[in-house]
Number of protein chains: 2
Amino acid sequence: MSPRTPRSSDDAALESGQRRATINDIARLSGVSKKTVSRVINRSPSVRPETREKIDAVIAKYGYAPDPQARGLAFRRSFLIGLIYDNPNPQYVVNMQLGLLDGMRGSGYELVVHPCDRGSTTLVPDIRAFIERQKLFGVVLTPSVSEDEGVAEMLRETGCEYVRVASLAVDTAEHMIVTMDRHGGMLAGKRLAELGHRRLGFVSGPATFRSSHERREGFEEGLKAHGAILAPEFVAEGAYTFESGLAAASRLLAMTPRPTAIFAGNDEMAAGVLHAARKAGLSVPEDLSVIGFDDFQIASRVWPPLTTIRAPTREVGRLAAERLIGSLGDEALDPRSRQTTLVERESTAPPKG
Amino acid sequence: MSPRTPRSSDDAALESGQRRATINDIARLSGVSKKTVSRVINRSPSVRPETREKIDAVIAKYGYAPDPQARGLAFRRSFLIGLIYDNPNPQYVVNMQLGLLDGMRGSGYELVVHPCDRGSTTLVPDIRAFIERQKLFGVVLTPSVSEDEGVAEMLRETGCEYVRVASLAVDTAEHMIVTMDRHGGMLAGKRLAELGHRRLGFVSGPATFRSSHERREGFEEGLKAHGAILAPEFVAEGAYTFESGLAAASRLLAMTPRPTAIFAGNDEMAAGVLHAARKAGLSVPEDLSVIGFDDFQIASRVWPPLTTIRAPTREVGRLAAERLIGSLGDEALDPRSRQTTLVERESTAPPKG
DNA sequence: ATCGCGACAGACACCGGTGTCAATCCGGAC
DNA sequence: GTCCGGATTGACACCGGTGTCTGTCGCGAT
């Protein structure tokens, strides 16, 4: 190899696609300095249009894309977005991931997943270490860890961008995507009251999830609007799991008189309610109406197929990602994009008699 | 600020944790060159033990951890591992992710998720772009994209490390984690034959998944060992989805005579079989036994709770990650770590009469 | 014709690590 | 005491980008 030929001029490898183009290649092939190429990449205004076009053409010809690592090193941050979650429901997690990827598509960011345990004593330092080591551009938090103020405070300290998905505005608007749990609960209450139910049961999620309270309060609102109420003794706390829903419903159904309808805080617990009803010898919806929440796959797999509240998890994920990377306009103000809706299947009917 | 004090000596910020330590800080504070610190980080053997200890102490004192971006830039690769998948089942995806994270814990790698569509005409270039842009250390592929030879060939070209999770050894051992689908199918066949079933139905996954064939062939083996056979007319192809299972089972149950037991290729389709049975007026397990595959949550949510084959997806994920980063020893040779097992619930019984 | 100024472009250092190669250190052989 | 070779260590360039600052250019004002 001729020593006169600098390594960076090894254009044969470039042409054949053996070697990815770097900013130095683009600069040399465009006849400008690398700094000018950098300006073009970063859309700096002070580049003459003809220069920009010339460079853009070379970039396009060689399919050049800047190296995220090198860029990140200079920027002192990465182009990674972390999803920090502790919700154990697989479908929630996957839908959220898909939504985030929807919102990130074409932005040059990548999604790094980071499950955590809110009960851990090292929760905050663990997340902090994750963020600082990777110099994350930003993170999205979902319930219930999104409702943790200790974590939020740490995030503000680090200066890492963040968006919290929660059912209540627990932070400033630019850091929030608010889900419509209260509205969903209201739809459930309204529907059951309309059907004529007056002895209503509620299987709540764990008190550590804000959504548990929102769904319940919405439920009560919906009932009240149609002249029904939720008696405190007909409220049983579960943990958003099948087993907890089964146990809670068993308690409710053992009471006399028992509720004629039960609203469960999510579909998993609603499935538990169905099992409890079966064990109690009750048929659904004849003896007991059941409404769930989420409209995950399980809702249509159980028998009878569950009437439930559809929560647009994937859309919420997309909004969260767009808010994080700054591409979200006024859409977030329009609740239609994250509306909850009632999906009526076969687990609801008027009460007997 | 005194110009005599170089910026790198701003130890106040370091002590207070305002600034993360860099390799230069560690070098200065240890009284060695950064290259020697680099040697310690990378476990180079040619460092005198006392030097190593001195540096290790400083590293520990300041909680130093090398910057993955800078390291990656110099190494010409990142410390990211991609999960490339096209399996739409949320629980499979989440279990696989959890397993991968299990295997990666403490290794310094992070997991980047990348769903894809095997039907896309740009599948290979899309994945290639993902790998090259991020300079991924390695990727894990799961079915069915793990069975795509075009993708595998591209991976070999790029030099990116990779591990394929599949139900058949479609690559050399160092690139494979083989799941025991055939064995699981065998367990199902064996059990149904033992119960006395002789007219057996099979709802297959899509032909594009190797596991569909493996599970079926295993099923036939298990039957044969106990004197039963799978008649070709009792095989219906589904697509690993609830709806396809429902449709396939409806066809099987409309035949005369109909099968007394059905093995479905996964739990989702088994749930569909249960719905089909109900619509046909058959009760499970009295009129029809059903076995699923996976033992995902849905198996215990449906009614009756499904007898199924437990597949250790999370463990398989852990093995895949360990193989990728090279921390997997002989464990992979021991099938116990990825054994499939029969989980007997209430959807199976001897045939009537 | 000269001056001043904003627009544009480039030189150079730096982000935080690693590779290469030369320099230094050390104990044992002569 | 001197020489030698392997073990340690350090100086310096480089990975592929960006920040800062300086220099050049073209144009209208004087």
Side-chain angles (χ1 to χ4, degrees), chain A residues 3 6-10 13-14 19-55 59 62-79 108 132-135 137, chain B residues 3 6-10 13-14 19-55 59 62-79 108 132-135 137:
Chain A
R7 186 186 169 293
S8 62
S9 295
D10 185 3
L14 240 193
R19 188 167 66 81
R20 271 171 61 87
T22 73
I23 198 172
N24 293 302
D25 297 317
I26 302 302
R28 182 168 36 77
L29 294 164
S30 311
V32 301
S33 75
K34 61 195 282 197
K35 181 64 214 185
T36 300
V37 177
S38 171
R39 289 194 177 94
V40 170
I41 295 169
N42 291 289
R43 290 175 178 62
S44 158
S46 59
V47 176
R48 212 185 319 164
E50 48 209 292
T51 309
R52 177 184 307 278
E53 280 164 29
K54 184 175 60 180
I55 296 174
I59 287 179
Y62 290 90
Y64 167 71
D67 180 329
Q69 287 188 327
R71 221 147 93 96
L73 185 57
F75 275 139
R76 290 171 189 68
R77 67 177 184 82
S78 73
F79 293 87
E132 295 192 337
R133 270 185 59 89
Q134 301 298 327
K135 299 207 301 267
F137 163 70
Chain B
R7 186 185 171 293
S8 63
S9 294
D10 184 3
L14 240 192
R19 188 166 66 81
R20 271 172 61 86
T22 72
I23 198 171
N24 294 301
D25 298 317
I26 302 302
R28 181 167 37 77
L29 294 164
S30 312
V32 299
S33 75
K34 61 195 283 196
K35 181 64 213 185
T36 300
V37 178
S38 171
R39 290 194 177 94
V40 170
I41 295 170
N42 291 290
R43 291 176 176 61
S44 158
S46 60
V47 176
R48 212 184 323 162
E50 48 209 290
T51 310
R52 176 186 308 277
E53 281 164 30
K54 185 175 60 180
I55 296 174
I59 287 179
Y62 291 91
Y64 166 72
D67 181 328
Q69 287 187 327
R71 219 147 93 95
L73 185 57
F75 274 140
R76 290 173 188 69
R77 67 177 184 83
S78 73
F79 294 87
E132 295 191 339
R133 271 186 59 89
Q134 300 298 327
K135 299 207 300 266
F137 164 68

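Since the structure is predicted, the reported quantities are computational estimates derived from the model, not experimental observations.
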| note | Which of D:dT18, D:dT8, C:dA9 is nearest the side chain of A:Ser38? It is D:dT18
Can you pull every protein N or O that's under 3.5 Å from an N or O on nucleotides 23-28 of chain C?
none

| query | If you measure from the Lys or Arg side-chain nitrogens to the Asp or Glu carboxylate oxygens, is any gap between B:Lys135 and A:Asp67 under 4.0 Å? | reply | yes
| Reckon A:Val32 touches a base, only the sugar-phosphate, or nothing at all at heavy-atom distances under 4.0 Å? | sugar-phosphate
| request: Send over the distance from B:Arg77 CZ to D:dC14 C1', rounded to a whole Å. | output: 18 Å
| query | After noting the C-alpha distance and the side-chain angles of B:Asn42 and B:Phe75, does the key distance pass the side chain to side chain contact (heavy atoms under 4.5 Å, CB included) rule? | reply | CA-CA 12 Å; B:Asn42 291 290; B:Phe75 274 140; 3.8 Å; yes
| said: What's the closest nucleotide to the side chain of B:Arg76 if the choices are D:dC15, D:dT18, C:dG10? | reply: D:dC15
| note | Note: for A:Pro45 and A:Lys35 on DNA chain C, the residue whose nearest nucleotide lies more 5' is A:Pro45
| Between B:Arg71 and C:dT18, does any side-chain N or O lie under 4.0 Å from OP1 or OP2? | yes
| note | Shortest non-hydrogen pair, B:Ser33 vs B:Ala27, comes out as C-CB, 3.7 Å
| query | For the side chain of B:Arg39 and the base of D:dG10, is some donor closer than 3.5 Å to an acceptor across the two? | reply | yes
| query | Bend angle of the helix from C:dA1-D:dT30 to C:dC30-D:dG1 from five-pair axes at both ends, rounded to 10°? | reply | 60°
| In whole Å, what is the span from the CZ atom of B:Arg52 to the P atom of D:dA7? | 15 Å
| query | Can you tell me if B:Arg28 uses its side chain to pair, donor with acceptor, with the backbone of B:Ile26 under 3.5 Å? | reply | no
| field | Closest listed nucleotide, where the reference is the side chain of A:Asp67 and the choices are C:dT18, D:dG16, C:dA11 | value | D:dG16
| Interatomic distance, A:Arg28 CZ vs C:dG10 P [rounded to whole Å] | 15 Å
| Nucleotide of D:dG16, C:dT18, D:dG10 approaching A:Leu73 most closely (side-chain heavy atoms) | D:dG16
| query | Can a side chain N or O of A:Ser46 be found less than 4.0 Å away from OP1 or OP2 on C:dC8? | reply | no
| said: Do A:Tyr64 and A:Asp25 make a side-chain contact, defined as non-hydrogen atoms from C-beta onward lying under 4.5 Å apart? | reply: no
| Is there side-chain contact between A:Pro49 and A:Arg52, with at least one heavy-atom pair below 4.5 Å? | no
| message | How many whole angstroms separate atom CZ of B:Arg43 from atom P of C:dG17? | response | 15 Å
| query | Which pair of non-hydrogen atoms, one from B:Pro66 and one from A:Arg133, has the smallest distance, and what is that distance? | reply | O-NH1, 4.4 Å
| note | Picking from D:dT9, C:dT18, D:dG16, the nucleotide nearest the side-chain atoms of B:Val47 would be D:dT9
| said: Which is more 5' along DNA chain D, the nucleotide nearest B:Ala74 or the one nearest A:Ile41? Just name the residue. | reply: B:Ala74
| request: Using atom NZ of A:Lys135 as one end and atom C1' of C:dG16 as the other, report the distance to the nearest whole Å. | output: 8 Å
| How many Å lie between CZ on A:Phe79 and C1' on D:dT18, as a whole number? | 10 Å
| query | If every non-hydrogen atom of B:Ile41 is compared with every non-hydrogen atom of B:Arg71, which pair is closest and at what distance? | reply | CG2-NH1, 3.7 Å
| query | Can you tell which of C:dT20, C:dG17, C:dG19 lies closest to the side chain of B:Pro66? | reply | C:dG17
| Atom CZ in B:Arg48, atom CZ in B:Arg39: separation rounded to 0.5 Å? | 12.5 Å
| query | Closest heavy-atom contact between B:Gly108 and A:Gln134? | reply | O-NE2, 4.4 Å
| said: Using only atom types and a distance under 3.5 Å, with no angle test, would you say the side chain of B:Thr22 pairs donor to acceptor with the backbone of B:Asn24? | reply: yes
| message | Suppose we call a contact any N or O donor and acceptor under 3.5 Å apart; does that hold for the side chain of B:Lys34 and the base of C:dG16? | response | no
| field | Candidates D:dT18, D:dT8, C:dG17 - which lies nearest the side chain of A:Phe75 | value | D:dT18
| request: Could you state the atom-to-atom distance from CD1 of B:Ile26 to C1' of C:dG16 in whole Å? | output: 12 Å
| query | Can you find a side chain N or O atom of B:Thr36 that sits less than 4.0 Å from OP1 or OP2 on D:dG10? | reply | yes
| said: Any side-chain N or O of A:Asn42 below 4.0 angstrom from OP1/OP2 of D:dT18? | reply: yes
| query | How many Å lie between NZ on B:Lys54 and C1' on D:dT8, as a whole number? | reply | 12 Å
| message | Would you say A:Thr22 places a side-chain N or O within less than 4.0 Å of OP1 or OP2 belonging to D:dC15? | response | no
